[in-house]
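Some notes on the structure that comes next.
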Amino acid sequence: MATATAGEVLFARYAYPPNELGYCGPADADAVLDVAAAAAGGMGERVQAFDGAVAYLEAIAAAAGLPPLDPRVVEAYWVGNELLDRVDPAQFAKDIRVRFARETGANWEVLAGGLPAVAHHSFQVFTVYPWVGLLGRGATDTAGGPALHILDRCRIRDGTVLAVEGDDVLVRSRPLTWSGRELGLGEPVEERARWAQAGRSLLAAVTPGDVVSLHWDWVCDRLTPEQRDELERRTTDQLALTNATAPAGGA
């Protein structure tokens with residue numbers, strides 16, 4: 001069996017959690033876990049099934065002069081790094097609007113707000129996907145309803161490992177909040193996440209004190225202080241972009 005490249009492994013680590021849930025990617029999610037857990041097989045054509053992510057990888061890669069699955073390109077999309085600053089915001093906004101023109105509920109109004117669109121996963125979550133427009137429905141305005149939970153799980157977030165309990169970890173992270181008019185990040189809370197399943201894991205080991213990235217209910221990677229700061233900065237910038245046109249109470 002072929003050995004996956006470093007970029008394929010990194011991509012699979014972040015792509016597997018929503019793929020497992022059936023939200024995106026190929027039907028054989030177990031094969032994606034194989035790539036992430038054992039660097040086995042490679043992504044091959046499977047990566048094309050993640051059509052949302054591919055559009056961003058291609059934009060970052062073209063601006064950087066690198067292959068779409070280069071580790072730096074993959075890191076830029078999921079976490080963030082300086083390669084994002086090489087992508088022309090105006091051209092990216094134009095291209096991504098054409099690419100996802102049929103996406104129901106996309107908030108294209110943010111592109112007229114004066115703040116730059118950035119080819120980061122958070123842009124897909126908060127602008128292209130419909131959940132921001134559904135905030136507050138089925139709940140009090142400040143509860144955010146199911147949409148807030150989905151936005152919080154779908155975004156890449158950082159957390160600090162407090163304890164390892166079998167295949168689970170207890171982590172402290174800042175949750176997404178909704179005031180009824182704006183999105184923000186709350187005070188740190190404790191949550192549970194998976195780092196392994198049936199003997200396979202996205203990381204070789206996790207220990208208390210590790211700063212990690214999370215996607216849905218999985219620990220995806222260990223973050224350096226610089227990566228954590230980059231992820232927090234890109235998230236904060238995207239929230240500012242989103243809040244410029246966020247619907248009051250889901251109206």
[Y]/[X] salt bridge by N-O under 4.0 Å criterion:
X	Y	value
Glu58	Arg99	yes
Arg172	Glu191	no
Asp28	Arg46	yes

- Query: Looking at Tyr14 versus Trp218, is the centre-to-centre ring distance below 6.0 Å?
  - Reply: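 Ring centroids of Tyr14 and Trp218 are no less than 6.0 Å from each other.
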- Message: Could you check whether Asn81 and Glu75, counting side-chain N and O atoms only, form a donor-acceptor pair closer than 3.5 Å?
- Response: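 The criterion, which ignores hydrogens and geometry beyond distance, is satisfied for Asn81 and Glu75.
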- Hey, are Thr160 and Asp210 close enough side-chain-wise for a donor-acceptor pair under 3.5 Å?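 On atom types as modelled, these side chains do not qualify, holding no pair under 3.5 Å.
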- Query: Roughly how far, to the nearest 0.5 Å, is OG1 of Thr224 from CG of Asp229?
  - Reply: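 With rounding to 0.5 Å, CG (Asp229) is 8.0 Å from OG1 (Thr224).
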- For atom CH2 of Trp216, is the number of surrounding heavy atoms from other residues, nucleotides or ligands below 6.0 Å larger than 12?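 Correct, the count exceeds 12.
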- Item | Within residues 121-134 or reaching into it, pairs that qualify as salt bridge (charged side-chain N to carboxylate O under 4.0 Å, His left out) - sequence neighbours excluded |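 Residue pairs passing salt bridge (charged side-chain N to carboxylate O under 4.0 Å, His left out), neighbours aside: none found.
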- Take the angle between the ring planes of His215 and His121 and call it parallel below 30°, perpendicular above 60°, tilted in between.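 Answer is perpendicular, since the angle exceeds 60°.
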- Apply ring pair (Phe, Tyr, Trp, His ring centres under 6.0 Å) to Phe50 and list each qualifying residue two or more places apart in sequence or on a separate chain.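 With sequence neighbours excluded, Phe50 shows a ring pair (Phe, Tyr, Trp, His ring centres under 6.0 Å) to Phe11, given in chain and number order.
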- Return the set of residues passing salt bridge (charged side-chain N to carboxylate O under 4.0 Å, His left out) with Arg234 (not counting sequence neighbours), or none when no residue passes.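 Salt bridge (charged side-chain N to carboxylate O under 4.0 Å, His left out) check on Arg234 returns Asp85, Glu230.
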- Checking ring-ring contact (aromatic ring centres under 6.0 Å, His included) against Phe123, which of Phe92, Tyr77, Trp108 comes through?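 Result: among Phe92, Tyr77, Trp108, Phe92 is the only option passing the ring-ring contact (aromatic ring centres under 6.0 Å, His included) with Phe123.
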